[in-house]
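Taking it in order: structure first as structure tokens, then the write-up.
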Amino acid sequence: MGARRVLIRRSAAVGGLLGVLALAGCGSEDFANEPRPPAPIEVSALVTDGAIEVGPQEIGAGIVNVTVSNQTDEATGLAFEGPTEAETRTVPPGGVLTAKLELDEGDYEVAATGDGSRAKATRLAVGQDRPSSQNELLLP
């Protein structure tokens, strides 16, 4: 009779512990935190003596990683003029720079900055906000 009582008590203790763990593991779908922002989009910009090429030329609003390749003989940067004003640092001749910008929806003119800048400005169209990257695998 004593062994049976010990077995019942152990079973009850294990069952209670499993019940507490099950309740602790249950979470709500709604939480106070905001969803994760959209993953940054990659944009390339090539600056030559005669032109600026930006690709892609149509993106969604949000954080943008712009990689600028300066193929001129002068130090230059890029200025984004539109709903949000943004500018990259100066890139040395033949150098490459990556800048993180946050661009709002609208049309932008992308122009070269710096002395001796002869590159013709180009356009960049920024559409609606990109969707959240919630539940997406973010790679480094």
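- Summarising the geometry of Gln57 relative to Val54, their closest heavy-atom pair is CG-O, 3.1 Å, with the distance given to 0.1 Å.
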Donor-acceptor contacts under 3.5 Å from residues 119-126 side chains, at least two apart:
none

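- Within 6.0 Å of atom CD in Glu85, more than 12 heavy atoms from other residues, nucleotides or ligands are found, so the atom counts as buried in its surroundings.
- Every residue meeting the side chain to side chain donor-acceptor pair (under 3.5 Å) condition with Gln71, not counting sequence neighbours, appears here in chain and number order: Ser69.
- A search for side chain to side chain donor-acceptor pair (under 3.5 Å) contacts involving Thr88 returns nothing, not counting sequence neighbours.
- Partners of Asn65 by side chain to side chain donor-acceptor pair (under 3.5 Å), not counting sequence neighbours, listed by chain and number: Glu42.
- Between Ile52 and Ala112 the shortest heavy-atom distance is CD1-N, 3.3 Å.
- Legend: residues meeting side chain to side chain contact (heavy atoms under 4.5 Å, CB included) with Glu87, ordered by chain and number and at least two apart, are Ala79, Thr113.
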Check your understanding: Would Phe80 and Val66 count as a side chain to side chain contact (heavy atoms under 4.5 Å, CB included) if you check the C-alpha gap in whole Å, the side-chain angles of each, and the deciding distance to 0.1 Å?
Key -> CA-CA 11 Å; Phe80 292 78; Val66 180; 4.1 Å; yes

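- Put simply, Tyr108 and Leu46 are part of two different groups of oily side chains (I, L, V, M, F, W, Y) that touch within less than 4.5 Å, one to the next.
- The side chain to side chain donor-acceptor pair (under 3.5 Å) test applied to Thr48 returns no partner, not counting sequence neighbours.
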Please list, one pair per line, the donor and acceptor atoms closer than 3.5 Å that link side chains of residues 89-106 to other protein atoms, with sequence neighbours excluded.
| from | atom 1 | to | atom 2 | distance (Å) |
| --- | --- | --- | --- | --- |
| Thr98 | OG1 | Thr67 | OG1 | 3.4 |
| Asp104 | OD2 | Thr84 | OG1 | 3.0 |

